[in-house]
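Here is the naming used below: chain letters follow the sequence lines, and residue numbers restart at 1 for every chain. The shown structure was predicted, so the numbers you read here are calculated from the model rather than taken from an experiment.
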2 protein chains.
Amino acid sequence: MEDVVFKFYELRNFVHQVWIKSGFSEDDAALATNNLLEADLRGIDSHGVARLQGYLNLIQVGRINPTPNITIEAEALATATLDADAAVGLVSGSIATDMAIEKAKKCGIGMVVVNHSNHFGIAYSHLKKALSQGFIGISFTNASAFVAPAGGIERMLGTNPMCYAFPSPDGRHVVVDLATSAAANGKLEIAERKGKPIPKGWVMDTDGNSSTDPSILKKGGMMLPLGSFEELGVHKGFGLSAVVDLFSGVLSGANFGPWVPPFPAFAPMPSETVGKGIGHCFWIINPEAFRTRSSYDQAILTWIHRFKSSIPAVENIPVIIPGEPEMAYFSERMEKGIPLNPIVVDQLKKISEKLEIPL
Amino acid sequence: MEDVVFKFYELRNFVHQVWIKSGFSEDDAALATNNLLEADLRGIDSHGVARLQGYLNLIQVGRINPTPNITIEAEALATATLDADAAVGLVSGSIATDMAIEKAKKCGIGMVVVNHSNHFGIAYSHLKKALSQGFIGISFTNASAFVAPAGGIERMLGTNPMCYAFPSPDGRHVVVDLATSAAANGKLEIAERKGKPIPKGWVMDTDGNSSTDPSILKKGGMMLPLGSFEELGVHKGFGLSAVVDLFSGVLSGANFGPWVPPFPAFAPMPSETVGKGIGHCFWIINPEAFRTRSSYDQAILTWIHRFKSSIPAVENIPVIIPGEPEMAYFSERMEKGIPLNPIVVDQLKKISEKLEIPL
């Protein structure tokens, strides 16, 4: 079956109404909508409206609070800890980055951690506003455990993404947004739908044997950290994933490691808890605290230009700057619309019928 | 030939005198010595006294200034930019982290970037003091270009390390210290000395073909970013390396990309310059700004304990926490001494004779 193309504004209005009917305030619905759709616009189809039903399930079982009272648990001049009161991360992440922006204006940098939260979509979406105002942003979140540590065969870490975003005056921002696992979960799902094997180095079975089965996670298997193999530095991917977990969980007061609650509402919760909900960590940095805006602008333009004009491995196929493919998707999909998989369209139609919101 | 074992204090006194004879102040000599020897103590033999002659060469050709006047170029409440005045990074890195510690005490976080610097040894050494005072630390530096970007076949990035260090109350600090390339340069040198091929995924030749030749860099070859191959996420390693370069160079005002000056004093300098020297970036974070010390302590102890007791891939070989092997080296070498390769001993003997400092 073919993808169905929706205009951005159609989907946005629909999703916004869904959050409103689910009890969200206008402001929170706008944040949740923009952050969710940013994934679809940037071509990260696994993290966009395909997850809307998943979020609604979490509201239904009481794990996402549609009317949270987000509070400041601790604060210093340049830092804060927020208790998100079980808000969806799509909302709490942007409230945290707004706060970090204000702190960066005063102090040069602002760092805000969030506990008692839920999944926050793609890491980039919370940094978009900061980028548009000329700030550098960093965004981490932990997630439920599917990844084994180097030397281990137990699910201990999430795909724990890191996003680093650097503004460029020409709008070609450098955005490094990566799961610290060898492959993101979405890539397994795509291979599974196509019935294709996956490369060695992404996953292993319960005994720790390398596997090419894209459905291995349903059989108890595990994902591998970036680096995949001992000789290729899998301990580095494990270390980076640990960094995300330590900031997002251990520092923030959220759960960490195997105690991070799962995204699917039907999945059993960990039997113990070592913190509140899942956690995020954000840094916003004002380049003008470090050098003049014009010298920063010139330097990043030079950096981008030099990398784009470096010798490519394949003639006439220039090196890709981090964030470039997502920006190309964004432009195309804003203009031509967002293609959705028929399975996703079906899910949205069911939501449309149930909540009586036209799509 | 067998390694020769030196007591830590013997080496320390020797190296300290070498810096003094090279024109360093007592304070700077102490910093440079401690930071250099930290590498030997932690088993990172490539970055310790094995590099002493390299640093002396840089002093001789006037690229390292033994009496720098390190100045503050820009400052905000929680941030600063330092011009290191061509100091060795072994010194400027620790001065920058001291400043960041003071800012973290006032603001919760301190971030200091350094330009006009030189190589700073292992990234961890600058964070040791912060760890001992209970702070979290992050340390980045850029370095001269040996690594190709994903999709490229030109040397554009250094091995650009990242270090993240989290204090644990029992002293088993979690220290993630990694080159963002698939393998560190030192590993190539070891394979070359042993005449052994290296794993596929570490390097490629000038045409972009995968190579197992450990001396390929001398033939114009390139190192690969972490992830090594397209299907294993080499774009992620490229992205992380870019992040280090953007903070250390583009934000700080140092050189970046292929313009970073080389470590060997005899290697030609890049024909152009886009900034001053090489650059570093440090963050120091006070956990007590985010939650109580006791709750942070309990959380990180739980994290470490849970990972150590997770199911290992090989029975009775527990998962290794980042930083554990280096700490084991440290304890052993403080007690039993530091084994040095005879080639390195020869270099030190020559320095000893030339500067008339007994070893």
- Which pair of non-hydrogen atoms, one from A/Arg291 and one from B/Val250, has the smallest distance, and what is that distance? NH1-O, 2.6 Å
- Message: Applying the side chain to side chain contact (heavy atoms under 4.5 Å, CB included) criterion to B/Cys107, which one of A/Ile109, A/Thr79, A/Leu77 satisfies it?
- Response: A/Leu77
- Query: Quick one: of A/Ser228, A/Ala148, A/Gly257, who has the most non-hydrogen atom pairs under 4.5 Å with chain B?
  - Reply: A/Ser228
- Message: Other residues, nucleotides and ligands only: do more than 12 of their heavy atoms fall within 6.0 Å of CD on A/Glu73?
- Response: yes
- Select, from A/Val243, A/Val319, A/Thr292, the one with the greatest count of heavy-atom pairs under 4.5 Å involving chain B. A/Val243
- Query: chain A heavy atoms under 4.5 Å from B/Phe290: which part of the residue, side chain, backbone, both or neither?
  - Reply: both
- N/O donor-acceptor pair under 3.5 Å between A/Lys236 side chain and B/Ser181 backbone: yes
- Query: Which atoms of A/Lys106 come close to chain B, meaning under 4.5 Å heavy atom to heavy atom: side chain ones, backbone ones, both, or neither?
  - Reply: backbone
- Item | Side-chain touch A/Trp303/B/Asp245, heavy atoms, less than 4.5 angstrom | yes
- Query: Of all of A/Ala179, A/Ala299, A/Ala74, which one pairs up most often with chain B through heavy atoms under 4.5 Å apart?
  - Reply: A/Ala299
- Message: Taking every non-hydrogen pair under 4.5 Å, which of A/Val234, A/Leu246, A/Thr180 racks up the most with chain B?
- Response: A/Leu246
- Flag the one option from A/Ile311, A/Ile285, A/Ile320, A/Thr81 with the top tally of heavy-atom pairs under 4.5 Å to chain B. A/Ile311
- Task: Measure A/Ile300 against the heavy atoms of chain B and call it side chain, backbone, both or neither at under 4.5 Å.
- Result: both
- Query: In Å and rounded to the nearest 0.5 Å, what is the CG to CZ distance from A/Leu178 to B/Phe238?
  - Reply: 12.0 Å
- Supply the atom-to-atom distance A/Glu272 CD to B/Arg306 CZ, rounded to the nearest 0.5 angstrom. 8.5 Å
- Below 4.0 angstrom, N of the basic side chain to O of the carboxylate: do B/Glu231 and A/Lys187 qualify? no
- Quick one: which of A/Tyr164, A/Trp283, A/Trp202 has the most heavy-atom pairs under 4.5 Å with chain B, could you say? A/Tyr164
